[in-house]
K.L.:
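For reference, the structure I am asking about is given below.
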Amino acid sequence: MGETTREERGRSPRLEAVTPGNVAEACRLSVRPDQQNLVAPVAWSLAEAYTSPAVAWPRLVYDGERLVGFVMGAFDPDNEVAAFRCGIWRLNVAAGEQGRGYGRFAVEQVCVEARRRGQRRVTVLWVPRDGGAEGFYRALGFRPTGEVIGGEVVGELLLDEEPAATGRA
């Protein structure tokens, strides 16, 4: 039996806040083994969000009742480092859920929140290596800025130039 797509199931992904009722499930979400050294676990991200509540915007990605991902935006417009003013702090899509558009959806929702907050530039950092996230982010329109922070490439998406969502990254 083949896998069904989101459209075939008649559901759309949605974001939900992290709550006492879903935090344990969120902490169990994990990426593929080959990606575990590229992105922090959700539990680590939630600890960072707890210590930076004015900056962090953690959200869970659900498809129906199924948790499929986690995204954390960061909104700190007065940060000295331009790359940390508005961006994607974390993106974890569950190992068995990758390639179905959930990552794209999560990034688009961070962009929606950025626009709501009056921002026009969203950044993300990725580890430059084969199998890393660079291709995914480039397919969504992010371009390297030429900056490298902590060994990670800084990519940016200018929201006024955001391409229409076509296909899946």
Side-chain angles (χ1 to χ4, degrees), residues 3-6 9 11-76 79 83-117 119 122-127 129 131-142 149-150 152-157 159 162 165 168-169:
E3 296 182 31
T4 58
T5 65
R6 284 181 292 147
R9 290 189 302 267
R11 294 186 283 250
S12 296
R14 69 183 187 284
L15 292 187
E16 288 192 14
V18 180
T19 68
N22 63 22
V23 69
E25 179 183 28
C27 290
R28 288 190 297 271
L29 185 139
S30 65
V31 297
R32 295 189 330 240
D34 63 306
Q35 298 169 329
Q36 290 177 356
N37 64 338
L38 300 175
V39 65
V42 173
W44 181 276
S45 297
L46 292 176
E48 289 180 325
Y50 179 80
T51 62
S52 303
V55 173
W57 190 75
R59 296 293 186 270
L60 301 176
V61 182
Y62 280 91
D63 188 350
E65 297 304 310
R66 210 170 70 254
L67 176 63
V68 297
F70 169 81
V71 66
M72 186 159 68
F75 301 101
D76 188 7
N79 196 301
F84 297 148
R85 292 180 186 152
C86 174
I88 298 163
W89 198 346
R90 294 282 156 57
L91 177 60
N92 305 59
V93 177
E97 303 292 349
Q98 295 180 12
R100 298 180 180 173
Y102 299 125
R104 173 183 289 275
F105 169 78
V107 169
E108 289 170 351
Q109 295 308 300
V110 171
C111 291
V112 167
E113 181 65 14
R115 282 189 185 99
R116 189 188 73 73
R117 293 174 182 236
Q119 300 299 310
V122 175
T123 59
V124 66
L125 281 71
W126 63 73
V127 176
R129 74 155 228 211
E134 179 176 6
F136 169 77
Y137 286 114
R138 282 181 171 263
L140 295 179
F142 285 85
I149 298 175
E152 296 184 64
V153 174
V154 177
E156 71 176 355
L157 177 66
L159 296 178
E162 183 176 5
R168 291 186 180 157

K.L.:
As a quick check of understanding, evaluate salt bridge (charged side-chain N to carboxylate O under 4.0 Å, His left out) for Arg115 and Glu113, giving each step before the final call.
P.N.:
CA-CA 5 Å; Arg115 282 189 185 99; Glu113 181 65 14; over 6 Å; no
K.L.:
Between Val107 and Val71, does a side-chain contact (heavy atoms from CB on, under 4.5 Å) hold up when you go through it step by step?
P.N.:
CA-CA 8 Å; Val107 169; Val71 66; 5.8 Å; no
K.L.:
Taking all heavy atoms of Leu91 and all of Ala106, pick out the closest pair and write down the distance.
P.N.:
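Closest approach of Leu91 to Ala106, heavy atoms only: CD1-CB, 3.7 Å.
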K.L.:
Using ring-ring contact (aromatic ring centres under 6.0 Å, His included) as the criterion, list what pairs up with Phe70, not counting sequence neighbours.
P.N.:
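Applying ring-ring contact (aromatic ring centres under 6.0 Å, His included) to Phe70 gives none.
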K.L.:
For Arg28, enumerate each residue passing the salt bridge (charged side-chain N to carboxylate O under 4.0 Å, His left out) test, keeping only those at least two apart in sequence or located in another chain.
P.N.:
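In terms of salt bridge (charged side-chain N to carboxylate O under 4.0 Å, His left out), with neighbours along the sequence ignored, Arg28 is linked to no residue.
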K.L.:
Applying side-chain hydrogen bond (donor to acceptor under 3.5 Å, both in side chains), name anything that partners Gln35, two or more places apart in sequence or on another chain.
P.N.:
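Listed in chain order: Gln98.
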K.L.:
Once side-chain hydrogen bond (donor to acceptor under 3.5 Å, both in side chains) is applied, do any residues pair with Glu152, and if so which ones, sequence neighbours excluded?
P.N.:
none
K.L.:
Yes or no on side-chain contact (heavy atoms from CB on, under 4.5 Å) for Leu125 and Val153, after CA distance, side-chain angles and deciding distance?
P.N.:
CA-CA 5 Å; Leu125 281 71; Val153 174; over 6 Å; no
K.L.:
To the nearest 0.5 Å, what is the distance between CG (Leu67) and CG (Leu60)?
P.N.:
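Reported to 0.5 Å precision, the distance equals 5.5 Å.
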K.L.:
The criterion is side-chain contact (heavy atoms from CB on, under 4.5 Å); which residues satisfy it with Asn79, sequence neighbours excluded?
P.N.:
Asp76, Val81, Phe84, Arg85
K.L.:
Given side chains that start at C-beta, do those of Val39 and Val31 come closer than 4.5 Å, heavy atoms only?
P.N.:
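Sidechains of Val31 and Val39: in contact.
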K.L.:
Just verifying a value: how many Å separate Ile88 CD1 and Leu157 CG, rounded to the nearest 0.5 Å?
P.N.:
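These two atoms lie 8.0 Å from each other.
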K.L.:
Got a sec, which pairs hit side-chain hydrogen bond (donor to acceptor under 3.5 Å, both in side chains) with one end in residues 52-62, sequence neighbours left out?
P.N.:
Glu25-Tyr62
K.L.:
If the condition is side-chain contact (heavy atoms from CB on, under 4.5 Å), which residues does Ala114 pass it with, not counting sequence neighbours?
P.N.:
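side-chain contact (heavy atoms from CB on, under 4.5 Å) check on Ala114 returns Phe75, Cys86, Gln119, Val122, Leu159.
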K.L.:
Taking C-beta and beyond as the side chain, do Thr19 and Val23 meet within less than 4.5 Å on heavy atoms?
P.N.:
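The answer is no, as the side chains (C-beta and beyond) never meet within the 4.5 Å cut-off.
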K.L.:
Suppose we screen for salt bridge (charged side-chain N to carboxylate O under 4.0 Å, His left out). Which residues come up paired with Arg129, at least two apart in sequence or across chains?
P.N.:
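Result, salt bridge (charged side-chain N to carboxylate O under 4.0 Å, His left out) vs Arg129: none returned.
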K.L.:
Mind checking what makes side-chain hydrogen bond (donor to acceptor under 3.5 Å, both in side chains) contact with Arg90, not counting sequence neighbours?
P.N.:
Ser45, Glu48
K.L.:
Is there a side-chain contact between Pro13 and Val68 (heavy atoms, below 4.5 Å)?
P.N.:
no
K.L.:
Name all residues meeting the side-chain contact (heavy atoms from CB on, under 4.5 Å) criterion together with Ala47; count only those two or more places apart in sequence or in a different chain, and write none if there are none.
P.N.:
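For Ala47, no residue satisfies side-chain contact (heavy atoms from CB on, under 4.5 Å) once neighbours in sequence are set aside.
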K.L.:
Could you give the distance from OG1 (Thr51) to CG (Leu46), rounded to the nearest 0.5 Å?
P.N.:
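Reported to 0.5 Å precision, the distance equals 11.0 Å.
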K.L.:
Going by the angle between their ring planes, with limits at 30° and 60°, are Phe142 and Tyr137 parallel, tilted or perpendicular?
P.N.:
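The rings of Phe142 and Tyr137 stand perpendicular, inter-plane angle above 60°.
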K.L.:
If you round to the nearest 0.5 Å, how far is CG of Asp34 from CG of Leu38?
P.N.:
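It is 7.5 Å, given to the nearest 0.5 Å.
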K.L.:
Please answer whether the main-chain N or O of Ala40 pairs with a side-chain N or O of Asn92 as donor and acceptor at a distance below 3.5 Å.
P.N.:
yes
K.L.:
Run the side-chain contact (heavy atoms from CB on, under 4.5 Å) test against Ala56 and tell me which residues pass, sequence neighbours left out.
P.N.:
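Ala56: side-chain contact (heavy atoms from CB on, under 4.5 Å) contacts with Ala49, Pro58, Met72, Trp89.
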K.L.:
Val61 vs Leu15, test: side-chain contact (heavy atoms from CB on, under 4.5 Å). Steps then yes/no.
P.N.:
CA-CA 5 Å; Val61 182; Leu15 292 187; 3.6 Å; yes
